[in-house]
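Scroll down for the structure; my scribbles are underneath it.
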Amino acid sequence: MDFVNKSKTVTIIGMGDFGRALAKRLLRFGYSVTFGGLNPNSHKISPLDPLFSQTLITSTKSAIRANEVVFLCISVVHFQHFAEKYKAALSRKIVVDVSNRVKDFYVTNSNAEFLQSLLPDAIVVKAFNVVSAYVMEGNSVQNSRVVPVASNHSLARQAIIDLGNEAGFRPYDAGMLSNSGSIELNSTRMFSKWKVPVVTAAAVYALWWLFVAYVDFIRKVNFTWEQVFLRVANKPLCMTAITLLALTYLPGCLAAMYQLVNDTKYHQFPKWLDSWLAARRQIGLVAFALTSMHVYISTLLLRPTYFPSWFNCSGLAPGLDGSDTWMNWKGELSCLTGLLGMLAMCVLAVITIPGVTDSLNWAEWRFLQSKCGCLTLLFSTGHAWVMGAPVWMNYISWVDVLTSETFVSSFLPALVVVLRVIQSLPFIRHSLIRIRKGQIEDNPSLTTITTDTSQVSRKAPGDISKLTYTDQTTSLSEKQQQHPNRTPAQAVGSEDIQGPSPSSGDHSRVISTKDSRAQSKDILVCENASAAKSPRSQTVVKRTDDDIRVRVTNLADREVASPLITSGNESDSCEELVSRV
Ligand SMILES: NC(=O)C1=CN([C@@H]2O[C@H](COP(=O)(O)OP(=O)(O)OC[C@H]3O[C@@H](n4cnc5c(N)ncnc54)[C@H](OP(=O)(O)O)[C@@H]3O)[C@@H](O)[C@H]2O)C=CC1
Ligand SMILES: [Fe+3]
């Protein structure tokens, strides 16, 4: 079987939306396509389309025979029927399953594994199901979709990765076919990362609404019911925006405090903090959306009748058009701080766009994230204080202060600003820098983390979440989302977890966690650490043709010590091998 598809020819079974779109994309990138369908004589492929002029449309059987790589662009519902008919013809062919889950059609584990069980002699590869036919057909290959490719056969997987690269996608090695379940789920699950931030925003907004209703309608009557749609609704809106902004930066402060308390960066954060850190991007973007709305509404209402304390009036009887009024220092400073906060927030939002993120190097990205985040918090808190502070001075009782909307809503952001200022004090900063650099821990034991360096370097968002490394303020999984092309080692500071890399000729695959057996030609990297938290050294287990070699590399303080080597045999577990070193 020729896994290197030098002839650039593929077969596509199914001439529906996806099959046609895939064919167009491949033809555009120099591939030849043979179509196979149920009804080769009645299909929707236009003979007038110049792209399809050289395309062969034939019976399913002939199309399968024609090439080694067969894309199966039919619904999972038809898999059984299809497999029964063409099982023999597909023997030893690479069958690429592009299908997504179908409601009410139950398969155990995944469509791809189901197909593999129906076609035991074929090599099933899961790929391209995350791309819609519409995107596939489009001319633009900029910002192309990241495409996970999974298969039990590493050469077949690599062949499809190469094909994906040539067709303008960003494929990555997603490991074994057993990973197809999550690949399929991820491509059909709706807004899974947005649910918690949006629900949190809704809950915070509801709470602030209750507070505003109490303060402005029950405690004192400050507004009429006619103003609830914009003037009053604008209040909980800005209060929610500033709270969410604080919630975006608070977990970073908590993470730093956690590291300071434990005096190490290797202790895993509590699960809730890890999830919170990972959700910061979404929380921040919701805050940005609400802030934008607040700015529009405030601009619409910006006049003396709505904001009397922001304007000076020249005469006894101010004109209705506001012609004899002008903004006082409070109005001008409120607007300035608000707009500067919005500007800093816009920069933050823009750098989350993948194209922009990719154009920044790590230092630039960190600088903008950290500095603009700080500025946004400062300006937003300043905006609330400029509006509220002159009024707070006149309050007689604490109840008045505690029912001041500006005071209550700026409390959390102010707390985050204070925490950040404290954490930037020289002696605390130095401690944090020392901790984040990494340190040696005594008595390292073997961790449960086993991963393959060559795989990790190609992994995409979500798949590296098993790794426990986190840095100061950004959880690794999130950083990997923001920089899908960067390896975890780059994300946490270059060589930290990157050990000796496998030679280019090695065919490697991800081996499951815990007690993995060294496999032929596989490379297995174990992090030596105490309780999976403190990588001190890295162990590469490599099976050569004759024996298994184990190399332990000391990573403490980024120094790579001279490797120790031992030998073992095939049945040895990683732990056993390492214990012999
Ligand atoms: N459309 C999209 O955006 C995406 C689709 N996918 C996946 O791609 C697959 C195809 O989707 P899509 O193209 O939209 O679906 P369509 O219904 O548009 O096309 C399915 C095609 O498969 C053909 N077909 C059905 N059974 C067989 C068979 N036994 N042998 C040969 N051909 C057969 C049908 O032929 P006939 O018309 O004669 O019945 C039809 O042309 C699905 O599994 C879907 O989950 C994945 C990602 C995105
Ligand atoms: Fe405001």
Side-chain angles (χ1 to χ4, degrees), residues 11-23 25 35-45 57-64 70-86 89-90 96-103 105 107 110-112 114-115 118 126-138 145 147 183-184 186-188 231 234-242 245 290-299 301-302 306-307 310 330-331 333-342 379-388 405-406 409-410:
T11 288
I12 295 179
I13 306 293
M15 290 178 271
D17 295 340
F18 196 85
R20 288 197 313 272
L22 177 67
R25 174 64 83 104
F35 266 120
L38 285 180
N39 313 301
N41 298 324
S42 88
H43 51 76
K44 293 185 215 155
I45 289 170
I57 301 173
T58 175
S59 70
T60 304
K61 200 161 199 167
S62 320
I64 291 171
V70 177
F71 282 87
L72 195 57
C73 301
I74 65 175
S75 167
V76 61
V77 178
H78 302 301
F79 277 7
Q80 182 130 23
H81 177 245
F82 174 83
E84 277 165 12
K85 231 172 153 184
Y86 302 108
L90 285 163
V96 186
D97 167 31
V98 303
S99 69
N100 275 318
R101 299 277 172 99
V102 172
K103 217 177 157 197
F105 186 84
V107 289
S110 63
N111 293 355
F114 174 54
L115 183 63
L118 295 171
K126 182 87 213 175
F128 299 107
N129 64 309
V130 295
V131 191
S132 75
Y134 174 77
V135 168
M136 184 87 85
E137 210 165 346
R145 284 300 299 256
V147 174
I183 297 173
E184 287 168 12
N186 281 342
S187 80
T188 47
R231 179 68 185 98
N234 197 24
K235 283 190 173 208
L237 193 66
C238 69
M239 292 162 86
T240 308
I242 198 169
L245 190 64
L290 297 185
T291 309
S292 309
M293 255 196 103
H294 168 63
V295 171
Y296 295 138
I297 295 177
S298 303
T299 311
L301 302 179
L302 197 60
Y306 277 103
F307 296 90
W310 286 24
K330 185 178 158 183
L333 199 54
S334 297
C335 289
L336 181 70
T337 46
L339 289 174
L340 287 173
M342 184 70 199
F379 286 130
S380 311
T381 313
H383 175 65
W385 283 19
V386 169
M387 285 191 292
E405 285 136 351
T406 44
S409 64
S410 62

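Counting starts at 1 for both ligands and their atoms, in listed order. Atom set for the values below is all heavy atoms of this structure, side chains included, hydrogens, waters and symmetry mates excluded.
Residue F82 has no N or O atom closer than 3.5 Å to an N or O atom of ligand 1. Between G16 and ligand 1, a contact under 3.5 Å exists for at least one N or O pair. Between H81 and ligand 1, no pair of N/O atoms sits closer than 3.5 Å. Considering backbone and side-chain atoms alike, D17 places an N or O below 3.5 Å from some N or O of ligand 1.
For the pair S292 and M342, the tightest heavy-atom approach, listed with the atom from each and the gap, is OG-CE, 3.3 Å. Of all heavy-atom pairs between I64 and I13, the closest is CG1-CD1, 4.0 Å. The minimum heavy-atom distance between F128 and F18, with the atom names listed, is O-CZ, 3.5 Å. The minimum heavy-atom distance linking N129 with S99 is given by the pair CB-O, 3.6 Å. Closest heavy-atom contact between M15 and F35: CG-CD2, 3.4 Å. Pairing each heavy atom of M293 with each of L237, the nearest pair is CB-CD2, 3.7 Å.
Annotation for ligand 1: atoms under 4.0 Å from non-hydrogen atoms of V98 are 6 (N), 7 (C), 8 (O), 46 (C). Set against the non-hydrogen atoms of S99, the atoms of ligand 1 under 4.0 Å away are 7 (C), 43 (O), 45 (O). Listed by number with element, the atoms of ligand 1 under 4.0 Å from a non-hydrogen atom of I13 are 31 (C). If you number the atoms of ligand 1 from 1 as listed, the ones under 4.0 Å from a heavy atom of S132 come out as 3 (O), 48 (C).
Which of I74, V130, V102 comes nearest to atom 43 (O) of ligand 1 through a heavy atom is settled by distance: it is I74. Remark: among candidates A133, A21, S187, the nearest residue to atom 3 (O) of ligand 1 is A133, based on non-hydrogen atoms.
Sequence neighbours left out, the pairs with a member in residues 126-135 that pass salt bridge (charged side-chain N to carboxylate O under 4.0 Å, His left out) are D97-K126, K126-E184.
The line from CG of L245 to CZ of F379 is 12.5 Å long, rounded to the nearest 0.5 Å.
Using bins of under 30°, 30° to 60° and over 60° for the plane-to-plane angle, the ring pair H383/H294 lands in the perpendicular bin.
Counting only heavy atoms from C-beta outward, the side chains of T299 and V295 approach each other to under 4.5 Å. Inter-residue side-chain proximity for F82 and L118 is flagged as unmet; no heavy-atom pair is nearer than 4.5 Å.
A donor-acceptor contact under 3.5 angstrom links the side chains of S187 and N100, judged on distance only.
Counting heavy atoms under 4.0 Å from ligand 1, residue H78 touches it through the side chain alone.
Of all protein N/O/S atoms, those under 2.8 Å from the Fe ion (ligand 2) are H294 NE2, H383 NE2, and waters are not counted.
In this structure, V131 is part of the shell of residues with a heavy atom less than 4.0 angstrom from ligand 1.
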